[in-house]
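The structure appears right after this line, and notes come after that.
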Amino acid sequence: MAEKDERYYKAYMEHKTISRRGLFRAFTSGTKKVSVGVSSATSSSRSLSGEVSPAEQVLVTELVDASQVVRVVARPPGALDEVLFQKICTGCAECEVSCPEKIIHVESGLAQLDIDYGYCSMCGECQKACPTGALHAKKPHDKQNDTELRPNFSTSCQNRLYGECELCAEQCPHQAIAIADFCLPELDQAKCDGCARCKQACPFSVITMNLLPLSSHV
């Protein structure tokens, strides 16, 4: 994966739902890995107008790099990078209430997906309801609703053992699953958005949904 650079975080700080000053405060209040020298030097460079100075923008990038926060649970579609999500999500549960599929829950003060008994319809209601911008809808061609989950097909797959089972592929809204008789289904990573419809379509429970490894995020 190409590391997100300072331009990404600077652009996000300029998003209308969060002030740049507020985002900077969220970072500095929750991070302990920045030296006192850097923090004090940066505090003296803040502008009186409330804008984030170039030095503060650099510090935000340093904070992101220092945190090394890895996503270990699935988040609602459109969730920001985990380091930002953990700082910005307040656990208000507005996304949980708005979800028509009832697969969003707040655990340990943060919103997460639970697709054990359901799938994400990618309706975007959670993003609309989010008051902080932690669920940040992008343009459609940027795959705004990718949950970063991907199906894993067990060797117990009925198609692999007996052939003629295409239930998972039939339910995939993006034709991301290809089926050949007596073979495991093949996934097109680029087309898949992690909705988990394939998992729910499999009556044999041979599909599990796993988070993409960090190096595979796009």
Side-chain angles (χ1 to χ4, degrees), residues 1 69-82 85-86 89 93-108 110-130 134-218:
M1 143 184 156
V69 178
V70 177
R71 182 162 292 164
V72 295
V73 297
R75 301 298 184 195
L80 297 171
D81 288 350
E82 190 69 6
F85 184 84
Q86 290 190 18
C89 176
E94 291 295 327
C95 56
E96 179 178 349
V97 172
S98 68
C99 178
E101 308 299 337
K102 305 304 178 186
I103 60 169
I104 299 177
H105 306 291
V106 175
E107 298 287 344
S108 302
L110 296 171
Q112 66 181 59
L113 279 185
D114 179 0
I115 45 79
D116 284 344
Y117 304 102
Y119 62 84
C120 182
S121 62
M122 303 298 179
C123 63
E125 292 302 315
C126 57
Q127 296 168 354
K128 295 175 185 176
C130 179
L135 304 180
H136 179 58
K138 302 175 185 177
K139 296 179 181 179
H141 65 267
D142 290 328
K143 292 183 68 178
Q144 64 178 17
N145 290 326
D146 195 336
T147 67
E148 299 182 3
L149 289 167
R150 294 295 184 268
N152 179 68
F153 304 97
S154 164
T155 54
S156 299
C157 171
Q158 296 298 293
N159 184 73
R160 174 182 173 273
L161 297 175
Y162 308 111
E164 298 184 353
C165 181
E166 299 183 0
L167 293 175
C168 58
E170 290 172 356
Q171 292 302 312
C172 178
H174 303 298
Q175 293 77 52
I177 300 175
I179 300 287
D181 282 348
F182 303 105
C183 296
L184 282 176
E186 293 188 1
L187 180 70
D188 187 327
Q189 295 277 355
K191 291 182 178 180
C192 179
D193 61 8
C195 69
R197 288 178 185 268
C198 56
K199 172 180 167 62
Q200 300 308 320
C202 179
F204 308 104
S205 301
V206 301
I207 300 176
T208 56
M209 301 296 294
N210 301 324
L211 280 170
L212 282 167
L214 186 63
S215 60
S216 299
H217 291 177
V218 291

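Worth knowing before you read on, the calculation uses all heavy atoms, side chains too, and leaves out hydrogens, waters and symmetry mates.
Residues passing the salt bridge (Lys or Arg N to Asp or Glu O under 4.0 Å) test with Glu101, sequence neighbours excluded: none. Under the rule for a salt bridge (Lys or Arg N to Asp or Glu O under 4.0 Å), Arg197 has no partner lying at least two apart in sequence or in another chain. Considering only residues two or more places apart in sequence or on other chains, Glu94 meets the side-chain hydrogen bond (donor to acceptor under 3.5 Å, both in side chains) condition with none of them.
For residues 111-125, the set of pairs meeting the salt bridge (Lys or Arg N to Asp or Glu O under 4.0 Å) definition, not counting sequence neighbours, comprises Glu125-Lys128. Pairs of residues two or more places apart, or lying in two chains, never qualify as side chain to side chain donor-acceptor pair (under 3.5 Å) while including a residue from residues 155-167.
The SG atom of Cys165 sits 10.5 Å away from the CG atom of Asp181 when rounded to the nearest 0.5 Å. A distance of 7.5 Å separates CG in Leu187 from SG in Cys198, rounded to the nearest 0.5 Å. Of the inter-residue distances, the one linking Ile207 atom CD1 with Cys202 atom SG reads 4.5 Å to the nearest 0.5 angstrom. Here the straight-line distance linking atom SG of Cys192 with atom CG of Leu149 works out to 8.5 Å at 0.5 Å rounding. Atom SG in Cys89 sits 5.0 Å away from atom CG in Leu110 (nearest 0.5 Å). The distance from the CZ atom of Phe204 to the OG atom of Ser154 is 12.5 Å, given to the nearest 0.5 Å.
Using a cut-off of 4.0 Å between Lys/Arg side-chain N and Asp/Glu carboxylate O, Arg75 and Glu148 are scored as not salt-bridged.
In this structure, Pro203 and Leu167 have side chains that are in contact, with non-hydrogen atoms separated by less than 4.5 Å. No side-chain heavy atom of Ser121 sits less than 4.5 Å from a side-chain heavy atom of Cys195. Contact check for Glu82 versus Val70: no side-chain heavy atoms found under the 4.5 Å cut-off.
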Inset, instruction - Dump the intermediate steps for side chain to side chain contact (heavy atoms under 4.5 Å, CB included) on Thr147 and Leu113, then the final yes or no. - result: CA-CA 9 Å; Thr147 67; Leu113 279 185; 3.7 Å; yes
Legend entry - Trace of the side chain to side chain contact (heavy atoms under 4.5 Å, CB included) decision for Phe85 with Arg71: CA-CA 10 Å; Phe85 184 84; Arg71 182 162 292 164; 4.0 Å; yes
Inset, instruction - Evaluate side chain to side chain contact (heavy atoms under 4.5 Å, CB included) for His136 paired with Gln127, printing each intermediate quantity in order. - result: CA-CA 6 Å; His136 179 58; Gln127 296 168 354; over 6 Å; no
Legend entry - side chain to side chain contact (heavy atoms under 4.5 Å, CB included) evaluation trace for Met209 with Asn152: CA-CA 6 Å; Met209 301 296 294; Asn152 179 68; over 6 Å; no
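A pairwise comparison of heavy atoms in Leu135 and Cys95 identifies CD1-CB, 3.9 Å as the closest pair. In this structure, Cys157 and Leu184 approach most closely via the heavy-atom pair CB-CD2, 3.6 Å. Smallest separation of non-hydrogen atoms from Gln189 and Leu212: OE1-CD2, 3.7 Å.
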Indicate every side-chain donor-acceptor pair of residues 168-178 with a distance under 3.5 Å to a residue at least two apart or in another chain.
unit_1 : atom_1 : unit_2 : atom_2 : d
His174 : NE2    : Asp193 : OD2    : 2.7

